2 protein chains.
Amino acid sequence: MGLTKTEIFTDAQNEIARLAKAFAHPARVAILHHLFKSNTCICGDLVDEIGLAQATISQHLKELKNLGLIKGNIEGTSVCYCIDQTKWKEMKLLLTTFFDQDINSNNCC
Amino acid sequence: MGLTKTEIFTDAQNEIARLAKAFAHPARVAILHHLFKSNTCICGDLVDEIGLAQATISQHLKELKNLGLIKGNIEGTSVCYCIDQTKWKEMKLLLTTFFDQDINSNNCC
DNA sequence: TTTATATATTGCAATATTACGATTAATAAA
DNA sequence: TTTATTAATCGTAATATTGCAATATATAAA
């Protein structure tokens, strides 16, 4: 028990859930927000700007990287994280298509 | 530890995360999909259509109801669940606004 | 009232997530 | 080389989520 039964859902449903997890924690929302806001590709400044330990931020960054939504470029001793525009657009299309289901639906209650 | 530090994030960040959780599990994605697909307001058919135990479906429905995304009308012994169109539109606006941040951002890497 | 049906709730086990201190690894500067 | 700086990883504790059997609740039908 406690294990999500991925096999009984469609690929699309699993992929939507997988991507939505990126936004299902305020720290990751904050990280993404910071990455968009700063013109310069911020790196470990995230640790200062968001009030979480370095290990915690690093873990969240790893999850976002695993989803493909961000990428990291090593620059000397620090790492520059950026949004992966291609993957971001892909994610946007998948999720907004799901959200727009309401347009063609007639509610009964 | 293990407790999300909501207090260090903005209200918007917390709300985005809260709503994104609705889509962060394939069972809930499947439930919402079924609710949109069926013109008649389906009720416990979800248990048959999705391969999860009745108690599990009921729990996911409760979470979606708590987020305000769906509402349930009691009809005899069964309950008719539907999308709450107003809340859905609200959620859509909040999340798509967040997703559209890429439009005004210039990536550096 | 009794019985059947549908849904919610409870209790519990398994697994996942969140957070952080400590450590490691890797590069830059002295 | 030695030392500082930055980020990743490891280990661990606390908490949350997922799933289901069993039970409770509530209405409909007999």
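In what follows, chains carry the letters A, B, and so on, assigned in the order in which the sequence lines appear, proteins first and then strands, with residues in each chain numbered from 1. Only heavy atoms go into these numbers, but all of them, side chains included; no hydrogens, no water, no symmetry mates. These numbers come from a predicted model, not from an experiment.
- Mapping A:Gln54 and A:Ile74 onto DNA chain C via the closest heavy atom, the residue that lands nearer the 5' end is A:Gln54.
- Two residues, A:Ser58 and B:Thr77, neighbour DNA chain D, and the one matched to the more 5' nucleotide by heavy-atom proximity is A:Ser58.
- Rounded to an integer number of Å, the gap from CG of B:Leu46 to P of C:dA6 is 14 Å.
- Taking atom CG of residue B:Leu52 and atom P of nucleotide D:dT17, one finds them 17 Å apart after rounding to whole Å.
- A distance of 6.0 Å or more separates the ring centres of A:Phe23 and B:Phe23.
- Going from atom CG of B:Leu67 over to atom C1' of D:dT17 covers 14 Å, rounded to whole Å.
- Note on A:Ser78: only backbone sugar-phosphate atoms sit closer than 4.0 angstrom, heavy atoms only; bases stay farther off.
- Following chains of ILVMFWY side-chain contacts shorter than 4.5 Å, one cannot reach B:Leu93 starting from B:Phe36, and the two form parts of different hydrophobic clusters.
- Here C:dG21 is the nucleotide among C:dG21, D:dG19, C:dA19 with the atom lying nearest to any side-chain atom of A:Ala55.
- At whole-Å resolution of the value, NZ in A:Lys62 and P in C:dA19 are 16 Å apart.
- OP1 and OP2 of C:dA6 both lie 4.0 Å or more from every side-chain N or O belonging to B:Tyr81.
- The nearest whole Å value for the distance from the CG atom in B:Asn66 to the P atom in D:dT17 is 11 Å.
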Stepwise, does the salt bridge (charged side-chain N to carboxylate O under 4.0 Å, His left out) test hold for B:Lys65 with B:Asp84? CA-CA 9 Å; B:Lys65 206 164 44 174; B:Asp84 185 316; over 6 Å; no
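- Rounded to whole Å, the distance from CD1 on B:Ile57 to P on C:dA6 is 15 Å.
- At whole-Å resolution of the value, CG in A:Asp45 and P in D:dT5 are 16 Å apart.
- Put simply, the side chain of A:Arg28 gets close to the backbone of A:Ala22: a donor and an acceptor are under 3.5 Å apart.
- Closest to the B:Gln59 side chain, of the nucleotides D:dG19, C:dT18, C:dA8, is D:dG19.
- Contact check for B:Asn14 versus A:Val29: no side-chain heavy atoms found under the 4.5 Å cut-off.
- The distance from atom CZ of B:Phe9 to atom P of C:dA19 is 6 Å, rounded to the nearest whole Å.
- Considering only side-chain N and O atoms, B:Thr56 lies nowhere under 4.0 angstrom from the phosphate OP1 or OP2 of D:dT18.
- Between the A:Thr96 side chain and the A:Lys92 main chain, a donor and an acceptor come within less than 3.5 Å of each other.
- Between B:Lys5 and C:dC20, a side-chain N or O to OP1/OP2 separation shorter than 4.0 Å is present.
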If you apply the rule side-chain contact (heavy atoms from CB on, under 4.5 Å), what do you find for A:Phe99 with B:Leu95, and how did you get there? CA-CA 9 Å; A:Phe99 293 163; B:Leu95 291 193; 3.5 Å; yes
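- Of all nucleotides listed (D:dC20, D:dA7, C:dT15), C:dT15 comes nearest to the side chain of A:Leu3.
- Proximity of residues 10-32 of chain B to DNA chain D (heavy atom under 4.0 angstrom from any strand atom) is restricted to B:His25, B:Arg28.
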